[in-house]
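Presented below is the structure to which this report refers.
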Amino acid sequence: MIQNIMNFCRAYGAKCLGGLFGGILALWMDNIPFIMTCTAFVLVDFITAIKLARRVHKKYGDDIADGKFKSRGLGGVVKTLGRVYTFILLSLALQKHVMGDPTLINVPAIMGCVICGWQFASILENSASCNGAPWARIALMILADKTERHVHISLEDFRRLRKTMDDNILNYIPNERENNRESDVSNDMDGQV
């Protein structure tokens, strides 16, 4: 009995899987350009996030950020791609079964534009964060700063810590002018006594 089931699966399993794959491909065939474009935007966003992590590491060092590629980031890309494909598939179903005539509104194309806009904003945020360029400072007036995602502490705590460290360093390092002034005053006092 078990042998018969195994033989049936071997004989017809590949045909069933091939048919399922062909059906999905036929369903998505019109949307392949949208899918490929959105996939490219997601991958570019992932690359800019890796570059941001390296910039944060270079600027703040090992104690604050390690700047290494993490599998969690790749897992986020897979989740994002799953969402993108789901949105495009649902927009296709909406187009075919609810709206009917594709000449009025092309819902998958609109969904592709929305997804690419979302990813483009994320690419700009990644590129502008932890970047000293003038365009980046202007862009961060409107966009979110993603530096905090790549450091081990919150960005506000980090800024306070950095300011405290800078103030302490300035307080402990005497200024050369003050040293010269103090020595000039002591020399003047020596002459008056």
Side-chain angles (χ1 to χ4, degrees), residues 6 8-59 65-131 133 135-152 155:
M6 296 285 285
F8 179 79
C9 289
R10 281 190 203 129
Y12 296 106
K15 291 179 183 177
C16 290
L17 286 176
L20 181 64
F21 179 73
I24 291 172
L25 188 62
L27 179 67
W28 281 44
M29 196 54 132
D30 296 338
N31 296 308
I32 295 293
F34 306 128
I35 291 168
M36 297 307 289
T37 304
C38 292
T39 302
F41 268 81
V42 170
L43 293 177
V44 170
D45 180 37
F46 178 61
I47 291 168
T48 57
I50 291 173
K51 288 182 177 181
L52 170 60
R54 290 184 180 159
R55 278 196 311 270
V56 170
H57 173 68
K58 184 177 180 181
K59 186 172 183 179
D66 56 8
K68 296 179 181 175
F69 170 77
K70 295 180 182 68
S71 61
R72 181 176 29 140
L74 187 59
V77 170
V78 170
K79 286 180 187 176
T80 302
L81 286 174
R83 277 190 234 135
V84 165
Y85 299 155
T86 302
F87 292 156
I88 291 176
L89 183 63
L90 289 175
S91 66
L92 175 66
L94 178 70
Q95 179 76 46
K96 285 189 176 185
H97 302 294
V98 176
M99 299 189 68
D101 189 15
T103 58
L104 294 175
I105 298 174
N106 190 353
V107 180
I110 293 171
M111 184 58 68
C113 289
V114 168
I115 290 168
C116 289
W118 160 42
Q119 290 301 311
F120 184 70
S122 181
I123 290 167
L124 282 178
E125 288 171 348
N126 288 335
S127 299
S129 297
C130 198
N131 191 341
W135 73 267
R137 286 183 293 229
I138 293 169
L140 285 177
M141 290 179 189
I142 329 172
L143 301 170
D145 189 354
K146 288 189 172 181
T147 307
E148 184 176 353
R149 294 182 183 184
H150 296 275
V151 296
H152 303 301
L155 192 58

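If you're wondering where the values come from, they're calculated on a predicted model, not measured in any experiment. Count residues from 1 along the sequence. Computation of the quantities below employed the complete heavy-atom set of this structure, encompassing side-chain atoms and omitting hydrogens, waters and symmetry-equivalent molecules.
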When rounded to the nearest 0.5 angstrom, what is the spacing between [atom1] in [X] and [atom2] in [Y]?
X	Y	atom1	atom2	result
L92	Y85	CG	OH	15.0 Å
T86	L81	OG1	CG	10.5 Å
T37	Q119	OG1	CD	12.5 Å
D45	W118	CG	CH2	8.5 Å
I88	I32	CD1	CD1	9.5 Å
R83	C38	CZ	SG	13.5 Å

task = Before giving the answer on side-chain contact (heavy atoms from CB on, under 4.5 Å), spell out for V107 and V98 the whole-Å C-alpha distance, their side-chain angles and the decisive distance to 0.1 Å.
result = CA-CA 11 Å; V107 180; V98 176; over 6 Å; no
For [X] and [Y], which heavy atoms make the closest approach, and how far apart are they?
X	Y	result
A136	N131	CB-O, 3.6 Å
F41	I123	O-CD1, 3.8 Å
S127	R55	O-NH2, 3.5 Å
F46	L74	CE1-N, 3.9 Å
V77	L43	CG1-CD2, 4.3 Å
Q95	P108	OE1-CD, 3.7 Å

message = More than 12 heavy atoms of other residues, nucleotides or ligands under 6.0 Å from CZ of F87: yes or no?
response = no
